[in-house]
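Counting starts at 1 for both ligands and their atoms, in listed order. What's counted below: heavy atoms across the whole structure, side chains too, no hydrogens, waters or symmetry copies.
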Amino acid sequence: MALLEVKKAGFSYPTRENVFTDISFTLEKGEIFTILGPNGAGKSTLLNSLANLTPLTTGEILVDGVRLDKMSSRETAFKIAYVPQTTEITYGYSVRDYIAMGRAAHVGMLVTPKKKDYEIVDETIALLGIEHLAHRLCTQISGGEKQQACIARAIVQQPEIILFDEPTSALDYGNQLNIMRLIKKLCGRDYAVIMTTHNPDQPILLEGKAGILDRDGHMITGTVGDILSEETLSAVYRTALHLVYVEEAERMACIAAKI
Ligand SMILES: Nc1ncnc2c1ncn2[C@@H]1O[C@H](COP(=O)(O)OP(=O)(O)OP(=O)(O)O)[C@@H](O)[C@H]1O
């Protein structure tokens, strides 16, 4: 039995039918699934369903063989953590206390985290290299720094699957690559990761599985090597793109044609 099984998943909003249809894939511990697709294709909508926030219209999602829509929010929190695209942190918590809130499913909603919980929080702060932010107020940090705090909060939840919605959208280039390295490290620690991105180089760097969602709500899935082609990427982004092997970087790269 797979850790995550998505079977013929489909979703419609009352005002927007078939945002995605007939999506199927599986994910095991330690695997990464990167979702690409143009603006408005339905990537965040799919993640919302995978996070058990919005139920599918058709099909089903199973986690360890249990239907996700039958799980309570606490049961879901033990299995799945979600890092949404934007999080408004309006209260004046310190970054360390905000991250500690990720322990809620373990300690109880209104219970103060214990020493052991703060040890997990501090380990995660060190893992992300954001010690300098720990005692700053969430209301006084930048967008990219908030994104890093949200990622840390998801990790301390100690789920089995982490969903990242464009986790690098607010980050400088160095920190984008740090998050890619962190995601690889998380997979090495047996977390399964699903993330969306607008950067086709990211699935190439991460390897593993990928899905390309098109404007009609259809998704092709497979290994990165199998499904990322110049034809598919150029069609999805409606622009000429090349996949070239870069000797110095020892990898393929997605390069836009001259503009
Ligand atoms: N609450 C809603 N009600 C109706 N339609 C919605 C709602 N939220 C999103 N949509 C529409 O559903 C489609 C998919 O939106 P979604 O945010 O999932 O796309 P996305 O692939 O994540 O886009 P982006 O890359 O721009 O973040 C879009 O056409 C969007 O306008």
Side-chain angles (χ1 to χ4, degrees), residues 4 6-25 27 32-61 68-69 73 76 80-89 142-144 146-151 154 161-173 175-176 179-180 183 192-206 208-222 224 227-229 232-241 254 256:
L4 177 77
V6 179
K7 289 182 172 175
K8 293 183 174 296
F11 185 85
S12 296
Y13 289 109
T15 51
R16 166 93 155 77
E17 279 206 11
N18 298 328
V19 174
F20 55 82
T21 52
D22 206 19
I23 293 180
S24 298
F25 65 92
L27 204 62
I32 165 94
F33 185 83
T34 309
I35 301 171
L36 291 171
N39 285 130
K43 302 177 298 298
S44 300
T45 305
L46 176 59
L47 283 197
N48 282 336
S49 295
L50 290 166
N52 208 8
L53 298 174
T54 41
L56 294 173
T57 319
T58 54
E60 58 183 15
I61 298 167
L68 185 62
D69 58 349
S73 52
T76 305
I80 300 171
Y82 183 25
V83 186
Q85 214 173 92
T86 49
T87 311
E88 220 22 77
I89 312 171
S142 76
K146 270 184 201 152
Q147 203 160 19
Q148 289 171 303
C150 291
I151 291 170
I161 302 167
I162 307 184
L163 311 173
F164 292 100
D165 199 2
E166 293 183 37
T168 58
S169 61
L171 301 182
D172 70 53
Y173 196 52
N175 276 329
Q176 289 181 28
I179 293 299
M180 292 300 101
I183 286 176
V193 172
I194 300 180
M195 69 162 231
T196 66
T197 178
H198 284 302
N199 182 347
D201 268 329
Q202 293 187 348
I204 294 171
L205 282 166
L206 292 168
K209 293 179 177 173
I212 304 179
L213 189 58
D214 67 20
R215 289 176 177 80
D216 297 323
H218 301 120
M219 184 187 257
I220 53 164
T221 57
V224 169
I227 67 163
L228 254 64
S229 69
T232 311
L233 291 172
S234 300
V236 161
Y237 294 113
R238 293 181 176 162
T239 192
L241 294 171
C254 181

Residues in the immediate environment of ligand 1 (any heavy atom closer than 4.0 angstrom): Tyr13, Thr15, Arg16, Val19, Pro38, Asn39, Gly40, Ala41, Gly42, Lys43, Ser44, Thr45, Gln85, Glu166, His198

Check against side-chain hydrogen bond (donor to acceptor under 3.5 Å, both in side chains), Asp165 and Ser44: CA-CA 7 Å; Asp165 199 2; Ser44 300; 2.7 Å; yes

Results of ring-ring contact (aromatic ring centres under 6.0 Å, His included) for Phe11 - residues two or more places apart only: Tyr13

Exercise: identify the closest heavy-atom pair between Leu36 and Lys43: C-CD, 3.9 Å

Contacts of Phe25 that satisfy ring-ring contact (aromatic ring centres under 6.0 Å, His included) - sequence neighbours left out: Phe33

Set of residues satisfying side-chain contact (heavy atoms from CB on, under 4.5 Å) with respect to Glu60, sequence neighbours excluded: Lys7, Leu62, Arg67

Donor + acceptor pair across side chains of Thr34, Gln202 (<3.5 Å): no

